There are 2 protein chains.
Amino acid sequence: MNYSQSEENYIKSIYHLQGDSKNVSTNELAEELHTRPASVTDMLKKLKAKKLLHYEKYQGFRLSTEGKKVALSIIRRHRLWEYFLSVKLQFAWDEIHEVAEELEHVSSKKLIDKLDEYLGFPKFDPHGDPIPDQLGKIATTDHILLTELTANQIAEVSSVANQSAAMLDMLKHNNIGIGTRIEVKKKFPFDHSLEIKIRNLPAFTISERLAQNIYVKYVKK
Amino acid sequence: MNYSQSEENYIKSIYHLQGDSKNVSTNELAEELHTRPASVTDMLKKLKAKKLLHYEKYQGFRLSTEGKKVALSIIRRHRLWEYFLSVKLQFAWDEIHEVAEELEHVSSKKLIDKLDEYLGFPKFDPHGDPIPDQLGKIATTDHILLTELTANQIAEVSSVANQSAAMLDMLKHNNIGIGTRIEVKKKFPFDHSLEIKIRNLPAFTISERLAQNIYVKYVKK
DNA sequence: AAAAATATTTAGACAAATCTAAAAAATTAA
DNA sequence: TTAATTTTTTAGATTTGTCTAAATATTTTT
């Protein structure tokens with residue numbers, strides 16, 4: 001089956017919002033897609049008719065098994081293109097997302113499988129997110145949120161939850177990238193901000209909001 | 001300026017049909033695009049409003065300078081992707097066109113310029129057609145139509161004018177590809193078909209129609 | 001040069017994806 | 001447990017790209 005760009009964007013966003021199968025609300029999805037709730041309702045009816053999601057009026061919705069399969073194949077395309085842009089074309093880390101958003105809608109399965117092979121079947125994209133294989137399987141990671149990291153423990157940035165330009169710009173400004181080693185020096189109870197240290201730079205503070213979007217994994221000292 | 005996929009397909013087809021600036025007709029374009037003449041008229045009005053073509057009711061049409069510029073940038077994208085699919089992803093010669101038709105609509109200029117660099121600034125695509133550079137310049141070739149080739153003269157296939165699946169299938173069936181050396185043994189005045197010889201294969205006949213779609217260039221014996 | 005044939009355009013409709021404004025349902029607060 | 005607020009849906013429009021059928025121009029034939 002083939003889906004329109006618009007349908008694919010809805011499916012992908014629902015997949016990200018529902019996480020481990022919580023129900024997604026109309027307003028939430030409208031905000032994520034920068035569209036209006038009324039437009040979301042319209043599209044939901046269509047996706048329901050195609051059996052891609054479970055949806056009852058006023059009750060929220062969630063992808064069906066088939067819907068998840070479709071979502072994973074879109075995510076596979078997106079992340080393979082990100083890997084290609086970064087590793088082969090030398091795009092900067094914060095430039096790849098936007099271009100991959102366009103490339104992901106090219107639907108030839110053969111193209112994607114050949115690209116995967118050409119790239120050497122990478123398991124993670126440049127943001128540290130896992131790339132689903134042909135069957136939709138994704139490698140598991142042991143990462144945790146930076147907010148959950150114990151003080152004075154060193155960990156390595158493994159992925160970011162949010163890839164908005166504003167977020168990526170902020171990370172760049174703070175010299176944080178995939179693989180950056182971070183140590184939490186202090187947690188401030190007042191606003192839950194964190195003082196962190198990177199390499200030999202002076203320690204500095206980041207907001208809880210930002211820290212909630214950074215995944216890290218422990219690393220031997 | 002950015003154009004829709006549909007607009008881009010019209011511009012590209014007009015460019016191919018007009019050749020060295022002959023006027024294109026509504027029916028001709030409708031057939032090329034597998035659409036209806038009425039739809040063509042609708043789109044022409046839109047493209048005229050965007051100053052991409054010269055068009056007066058019932059008089060045929062032709063791309064403006066700006067329109068040609070746009071056409072060349074679409075062709076650039078298409079041929080670079082064809083080159084990538086063929087050289088990097090090892091797609092067969094007759095499979096690349098269809099996928100490139102989709103990829104060509106991804107519009108990031110940076111993507112295309114980086115891809116060009118990554119591929120080593122190729123001058124010709126796998127079908128032998130020239131790839132426009134960033135400025136729209138295309139390398140010139142000295143190829144002629146196979147129908148124009150003198151008998152008993154050896155020449156090498158340099159490109160094909162038509163990339164329909166039917167055409168590519170026929171070429172494959174006849175063992176003709178870019179670089180194949182062909183000698184015209186005889187021209188039949190009755191239906192203008194040609195008897196040709198390839199390598200050590202027995203000579204065989206091809207139609208005028210097919211020969212009109214094959215470009216060759218002379219080669220020292 | 002009129003008639004016939006062909007090419008092109010207009011008029012009006014339709015599907016997809018979106019929107020605004022208003023109605024209806026669900027949730028939260030008083 | 002009503003009232004107020006928020007969320008969601010419906011109704012009706014709009015834009016883009018397409019279509020069919022009919023009208024109008026142009027070209028070709030007789």
Side-chain angles (χ1 to χ4, degrees), chain A residues 1-15 17-18 22-63 67 70-71 74 101-102 104-107, chain B residues 1-19 22-63 67 70-71 74 101-102 104-107:
Chain A
M1 212 49 61
N2 258 355
Y3 303 98
S4 71
Q5 291 210 181
S6 190
E7 289 170 326
E8 290 193 346
N9 286 333
Y10 274 83
I11 294 165
K12 196 171 47 135
S13 289
I14 295 169
Y15 183 88
L17 289 175
Q18 76 177 30
K22 88 178 223 294
N23 264 29
V24 180
S25 75
T26 303
N27 271 4
E28 204 181 355
L29 183 54
E31 187 172 352
E32 172 84 9
L33 289 166
H34 305 107
T35 184
R36 301 294 174 174
S39 310
V40 169
T41 301
D42 289 343
M43 182 59 93
L44 288 178
K45 287 182 192 158
K46 211 163 123 189
L47 296 178
K48 183 187 180 180
K50 296 190 178 185
K51 298 194 190 303
L52 294 172
L53 45 80
H54 303 294
Y55 161 59
E56 292 307 327
K57 267 200 213 173
Y58 296 101
Q59 300 304 138
F61 42 89
R62 172 167 27 85
L63 293 177
V70 174
I74 301 164
E101 286 284 305
E102 284 196 70
E104 76 186 3
H105 298 295
V106 176
S107 60
Chain B
M1 214 47 63
N2 259 355
Y3 303 99
S4 73
Q5 291 210 183
S6 191
E7 288 171 326
E8 290 193 348
N9 286 334
Y10 274 84
I11 294 166
K12 195 171 49 135
S13 289
I14 295 168
Y15 183 89
H16 286 130
L17 289 175
Q18 75 177 31
K22 89 178 223 294
N23 264 28
V24 180
S25 76
T26 304
N27 271 4
E28 203 181 355
L29 183 54
E31 187 171 352
E32 172 84 9
L33 289 166
H34 305 107
T35 184
R36 301 294 174 174
S39 310
V40 170
T41 301
D42 289 344
M43 182 60 92
L44 288 177
K45 288 182 191 159
K46 211 163 123 189
L47 295 178
K48 184 188 179 178
K50 295 190 179 187
K51 298 192 190 304
L52 294 172
L53 46 79
H54 303 294
Y55 162 59
E56 291 307 327
K57 269 199 210 176
Y58 296 101
Q59 301 304 137
F61 42 89
R62 173 168 25 86
L63 293 177
V70 174
I74 301 164
E101 286 285 305
E102 284 196 69
E104 76 187 3
H105 298 295
V106 176
S107 61

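Computed from a predicted model, the values in this text were never measured in an experiment. Basis for what follows: all heavy atoms, side chains included, without hydrogens, waters or symmetry-related copies. Quick note on labels: first sequence line is chain A, next is B, and so on, each numbered from 1.
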Starting at [atom1] of [X] and ending at [atom2] of [N], how long is that distance when rounded to a whole Å?
{"X": "B/K45", "N": "C/dT10", "atom1": "NZ", "atom2": "C1'", "value": "7 Å"}
{"X": "A/Q5", "N": "C/dT18", "atom1": "CD", "atom2": "P", "value": "11 Å"}
{"X": "A/L29", "N": "C/dT18", "atom1": "CG", "atom2": "P", "value": "11 Å"}
{"X": "B/L47", "N": "D/dT18", "atom1": "CG", "atom2": "P", "value": "11 Å"}
{"X": "B/E31", "N": "C/dT8", "atom1": "CD", "atom2": "P", "value": "12 Å"}
{"X": "B/E8", "N": "D/dT16", "atom1": "CD", "atom2": "P", "value": "16 Å"}
{"X": "B/N9", "N": "D/dT18", "atom1": "CG", "atom2": "C1'", "value": "14 Å"}

If the cut-off is 4.0 Å, is [X] near the phosphate of [N], judged by side-chain N/O to OP1 or OP2?
{"X": "B/S6", "N": "D/dT16", "answer": "no"}
{"X": "A/S25", "N": "D/dT7", "answer": "no"}
{"X": "A/N27", "N": "D/dT6", "answer": "no"}
{"X": "B/T26", "N": "C/dT9", "answer": "yes"}
{"X": "A/Y10", "N": "C/dT18", "answer": "yes"}

**Asked** Are B/F61 and B/N23 side-chain neighbours, meaning at least one heavy-atom pair lies under 4.5 Å?
**Response**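 B/F61 does not reach B/N23 side chain to side chain.
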**Pairwise side-chain contact, B/V24 with B/R62, heavy-atom cut-off 4.5 Å (strictly under)** =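 B/V24 vs B/R62: side chains apart.
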**Interface with DNA chain C, restricted to residues 48-59 of chain B and to heavy atoms under 4.0 Å** =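 Those residues are B/Y55, B/K57, B/Y58.
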**Message:** Short of 4.0 Å, heavy atom to strand atom, which residues of residues 33-42 of chain A count as contacting DNA chain C?
**Reply:**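 Within this stretch, A/T35, A/R36, A/A38, A/S39, A/D42 sit under 4.0 Å of the strand.
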**Prompt:** Just wondering, are more than 12 heavy atoms of other shown residues or ligands nearer than 6.0 Å to CD in B/E101?
**Reply:**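 Atom CD in B/E101 is crowded, with more than 12 foreign heavy atoms closer than 6.0 Å.
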**Prompt:** Above 12 or not: heavy atoms from other molecules or residues under 6.0 Å from CD of A/E31?
**Reply:**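 Result for CD/A/E31: open.
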**Request:** Ignoring hydrogens and angles, tell me if any N or O in the side chain of A/H34 forms a donor-acceptor pair with the backbone of A/A30 under 3.5 Å.
**Result:**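 Absent.
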**Asked** So, A/Q18 side chain and A/Y15 main chain: donor-acceptor pair closer than 3.5 Å or not?
**Response**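 Looks like no, no N/O pair under 3.5 Å.
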**Prompt:** At their closest point, which heavy atom of A/Y3 faces which heavy atom of A/E8, and how far apart are they?
**Reply:**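 Nearest heavy atoms, A/Y3 then A/E8: O-OE2, 3.8 Å.
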**Asked** Taking A/Y55 as the fixed residue, which of A/T26, A/L63, A/T41, A/L47 is the one that meets the side chain to side chain contact (heavy atoms under 4.5 Å, CB included) rule?
**Response**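 Of the listed residues A/T26, A/L63, A/T41, A/L47, the side chain to side chain contact (heavy atoms under 4.5 Å, CB included) partner of A/Y55 is A/T41.
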**A/N9-A/H105 side chain donor-acceptor pair, cut-off 3.5 Å** =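 The criterion, which ignores hydrogens and geometry beyond distance, is satisfied for A/H105 and A/N9.
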